[in-house]
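Below: one structure, written as structure tokens.
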Amino acid sequence: DVKVTQSSRYLVKRTGEKVFLECVQDMDHENMFWYRQDPGLGLRLIYFSYDVKMKEKGDIPEGYSVSREKKERFSLILESASTNQTSMYLCASSPRTNEAFFGQGTRLTVV
Amino acid sequence: AQSVTQLDSQVPVFEEAPVELRCNYSSSVSVYLFWYVQYPNQGLQLLLKYLSGSTLVKGINGFEAEFNKSQTSFHLRKPSVHISDTAEYFCAVRRYSGNTPLVFGKGTRLSVIA
């Protein structure tokens, strides 16, 4: 089975902190994604990567950056966390086409 | 660009009744279509997908969906729902060309009432 693992299920951080969300996949997928999920807004794409060291902005990249140094790992970075970044963050991976496989999500609270 | 509209944000239904969750999409290019389910405090799980071929697609847990190209729709159906089907359901599209993200609708919350 494909496994996408997010490093934390729940995180609480203070405003202004630098926050790292880590995601690892074990299926050698080319593509990896970070989505943000908020009630009534569905899943919104923050960034995606189609290869090592390659990245593309999604719909809401402001306040976020990403890193993909190895094929299996895709990190989301909040440079200076703010309360409006309190949300559920979902990582996914996929082959070049076809469906995406999701991790369990990280619920981030910024206080 | 692609977009997905899920026409109902909430659908309450009695147990053992049929249900249809509606999804319309917009795209100028060919797309793959997906339905995902999310149970509370979990990630998304694939229910079914349309890649090509037969327009009626069967998925897990007794769900099925029909691709209608002329109406750009991909509605999800189940003939008889169970309490355990209570969850949020997301419709998504992805361009054929590859190395592109999935675009999601805003979700439909299905509540099954005993």
Side-chain angles (χ1 to χ4, degrees), chain A residues 1-10 21 23 25 29-52 54-61 66 68 71 74 88-108, chain B residues 1-10 21-25 27 29-53 57 59-60 65 74 87-109 111:
Chain A
D1 280 353
V2 174
K3 192 154 180 139
V4 179
T5 304
Q6 294 183 229
S7 52
S8 304
R9 289 295 303 275
Y10 301 94
L21 302 184
C23 177
Q25 52 103 355
H29 286 162
E30 295 92 336
N31 296 172
M32 294 189 76
F33 313 91
W34 277 105
Y35 289 90
R36 171 176 170 162
Q37 182 181 12
D38 298 289
L41 298 180
L43 276 73
R44 294 179 292 167
L45 182 68
I46 305 172
Y47 270 96
F48 77 99
S49 169
Y50 53 88
D51 202 349
V52 175
M54 305 303 288
K55 61 186 180 185
E56 293 278 345
K57 290 181 180 179
D59 301 316
I60 52 165
V66 290
R68 194 171 181 198
K71 193 173 185 179
F74 192 37
M88 171 72 94
Y89 291 87
L90 292 165
C91 175
S93 73
S94 81
R96 191 175 165 277
T97 59
N98 220 312
E99 77 260 34
F101 297 84
F102 282 81
Q104 290 287 83
T106 296
R107 189 168 293 280
L108 173 67
Chain B
Q2 293 76 50
S3 67
V4 177
T5 302
Q6 292 185 239
L7 294 148
D8 305 294
S9 59
Q10 297 187 60
L21 306 184
R22 297 179 292 168
C23 172
N24 286 95
Y25 70 93
S27 177
V29 297
S30 296
V31 293
Y32 301 118
L33 295 149
F34 308 93
W35 274 100
Y36 283 84
V37 61
Q38 185 182 36
Y39 299 105
N41 295 316
Q42 293 190 25
L44 274 67
Q45 177 183 356
L46 184 72
L47 265 182
L48 48 77
K49 60 186 177 184
Y50 174 77
L51 304 180
S52 65
V57 179
I60 62 171
F74 191 54
E88 188 138 25
Y89 293 80
F90 292 95
C91 181
V93 301
R94 188 178 196 184
R95 288 176 61 169
Y96 267 14
S97 56
N99 288 341
T100 59
L102 280 75
V103 176
F104 286 85
K106 293 186 177 181
T108 298
R109 179 163 297 280
S111 298

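Below, read A as the first sequence line, B as the second, and so on, with proteins coming before strands; counting in each chain starts at 1. Quick note: numbers below take in every heavy atom, side chains included, and nothing from hydrogens, waters or symmetry partners. This structure is a prediction, so every number in the text was calculated from the model and none was measured.
Residue contact with chain B, scored on non-hydrogen atoms closer than 4.5 Å, involves the side chain of Tyr10(A) exclusively. Only the side chain of Leu46(B) comes within contact range of chain A, judged by heavy atoms closer than 4.5 Å. With a 4.5 angstrom heavy-atom cutoff, Gln38(B) touches chain A only via side-chain atoms. In this structure, chain B has heavy atoms under 4.5 Å from both the backbone and the side chain of Leu43(A). Heavy-atom distances place the side chain of Gln37(A), and not its backbone, under 4.5 Å from chain B. Contacts of Asn98(A) with chain B are made by both backbone and side-chain atoms, with heavy-atom separations under 4.5 Å. When heavy atoms are compared at a cutoff of 4.5 Å, Pro39(A) does not approach chain B at all.
For the pair Thr97(A) and Tyr96(B), the tightest heavy-atom approach, listed with the atom from each and the gap, is CG2-O, 3.7 Å. Of all the heavy atoms in Ala100(A) and Leu102(B), the pair that sits closest is CB-CD1, 3.8 Å.
A side-chain donor-acceptor contact under 3.5 Å links Arg96(A) to the backbone of Ser97(B). The main-chain N or O of Asn41(B) is never found under 3.5 Å from a side-chain atom of Arg107(A) such that the two would form a donor-acceptor pair.
Between the CG atom of Leu44(B) and the CD atom of Gln104(A) there is a distance of 10.5 Å, given to the nearest 0.5 Å. In this structure, the separation between CD on Gln45(B) and CD on Glu99(A) is 11.5 Å, given to the nearest 0.5 Å. To the nearest 0.5 Å, atoms CG (Asn31(A)) and OG1 (Thr100(B)) are separated by 7.5 Å.
Interface check for chain B: of the options Phe102(A), Phe101(A), Phe33(A), the most heavy-atom pairs under 4.5 Å are formed by Phe102(A).
The shortest distance between side-chain heavy atoms of Glu56(A) and Pro101(B) does not fall below 4.5 Å.
At most 12 non-hydrogen atoms from other residues, nucleotides or ligands lie less than 6.0 angstrom from NZ of Lys106(B).
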